[in-house]
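Heads up, the thing below is written out as structure tokens.
Here is how names work: the chains are called A, B, and so on, in the same order as the sequence lines, proteins then strands, and each is numbered from 1.
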There are 2 protein chains.
Amino acid sequence: MPQQSKKAKASKAKLQSAPFRRTRSDHSTELVEDYLELIADLIDVKGEARGTDVALRLGVANATVVKMLKRLQDKGFITQEPYRAVMLTTEGWEIAEKGRRRHAVVENFLLAIGVSSETARIDSEGIEHHVSEETLRMMARFTNRKS
Amino acid sequence: MPQQSKKAKASKAKLQSAPFRRTRSDHSTELVEDYLELIADLIDVKGEARGTDVALRLGVANATVVKMLKRLQDKGFITQEPYRAVMLTTEGWEIAEKGRRRHAVVENFLLAIGVSSETARIDSEGIEHHVSEETLRMMARFTNRKS
DNA sequence: GTTAAAATTTAGCCAAGGCTAAATTGAATT
DNA sequence: AATTCAATTTAGCCTTGGCTAAATTTTAAC
Ligand SMILES: [Mn+2]
Ligand SMILES: [Mn+2]
Ligand SMILES: [Mn+2]
Ligand SMILES: [Mn+2]
């Protein structure tokens, strides 16, 4: 006789695998968030976002960006005409803004615990996508205490 | 005449794209680290690591694990015979140990800033791969101060 | 020691994200 | 306005990391 039933084992496995499931889920939305945030920044700073600028800033080939922008258009986050700059839809702006806030909280928090600005800029780019609402609140609280 | 030379533009782009390059690089090593760390844990706790246990804990299909284990074997991180449990090579153990330490620092740090244990367990699984040595040092320092 | 059941592997499919090289389109120059 | 050059897109390739269904092997029951 087994020490645990079939069902008990399955539910335990579900619990134990939760961190990995969340990480995979985070990664599936990460690139979309980074694209939209970056496009928003380009629009704010330069007045427009061209595919080439996006490619340059991400450090990938133009062709890679073209393909991804098609996906973003299919999902309804941007609008674009061939050979023209990209626009964000309302939904695109919302995701970009949410990403910016979260990104800023993480970056400022890293600065607050004593990380250099260069490192904070780099590390926060990856960390931001794996931070839950709860952790984000704790980070914001800590940063405010320290300032 | 342009405001910046071609070369100046290229080097600026390289600097600006550094965070995204780092994130992509982190992601390319992430899964290997998680597999090895998990296999090490299974060996320590259960005495052996079977492919099925790995699949259960990661929350993916058996076939997915079989394929990845072949890659880990090709890279020299594990040894395995068909239908048998997996062993870590010396190099495999080294990577696993390094991952464990880093993972523990991140998780304990999240606890130290007030995050609940469940959330710390989940968030740290993704965050650990994006934390530089510098940030890791600052996290460890903070945790020690608080304990 | 056969046989039935369970565990494991194989085969083959798919989507996401990368790349380079070639074709196309838009912008500038004269 | 024609031509040239730069910017952009298209075409086609690759690797990674998922999946399901079918085949195989091991383990357990009898
Ligand atoms: Mn990011
Ligand atoms: Mn880990
Ligand atoms: Mn991890
Ligand atoms: Mn990540």
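Atom CG in A:D74 sits about 13 Å away from atom P in C:dG17, given to the nearest Å. Rounding to whole angstrom units, CZ of residue A:R84 and C1' of D:dA7 are separated by 12 Å. Going from atom CZ of B:R50 over to atom C1' of C:dA6 covers 12 Å, rounded to whole Å. Rounding to whole angstrom units, CG of residue A:L69 and C1' of C:dA16 are separated by 15 Å. Distance B:F20 CZ to C:dG18 C1': 16 Å, rounded to the nearest Å.
In this structure A:H129 satisfies the ring pair (Phe, Tyr, Trp, His ring centres under 6.0 Å) test with no other residue, sequence neighbours excluded. Here B:V54 pairs with B:Y35, B:L38, B:I39, B:L42, B:L58, B:V65 under the side chain to side chain contact (heavy atoms under 4.5 Å, CB included) rule; sequence neighbours left out.
Through direct or relayed side-chain contacts under 4.5 Å between Ile, Leu, Val, Met, Phe, Trp and Tyr, A:I122 connects to no other residue. Clustering of Ile, Leu, Val, Met, Phe, Trp and Tyr by side-chain heavy atoms under 4.5 Å joins A:L110 with A:V105, A:V106, A:F109, A:I113, A:V115, A:I127, A:V131, A:L136, A:M138, A:M139, A:F142, B:V105, B:V106, B:F109, B:L110, B:I113, B:V115, B:I127, B:V131, B:L136, B:M138, B:M139, B:F142.
For the pair A:E134 and A:R137, the salt-bridge criterion is not met [side-chain N within less than 4.0 Å of a carboxylate O].
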- [ ] Sugar-phosphate means primed atoms, P, OP1 and OP2; the rest is base. With that split, encode nucleotides 11-23 of chain D 5' to 3' as B, S or - using protein heavy atoms under 4.0 Å.
- [x] B----SBBBB---
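Applying the side-chain hydrogen bond (donor to acceptor under 3.5 Å, both in side chains) test to residues at least two apart or on different chains, the pairs with a partner in residues 50-70 of chain B are B:E48-B:R50.
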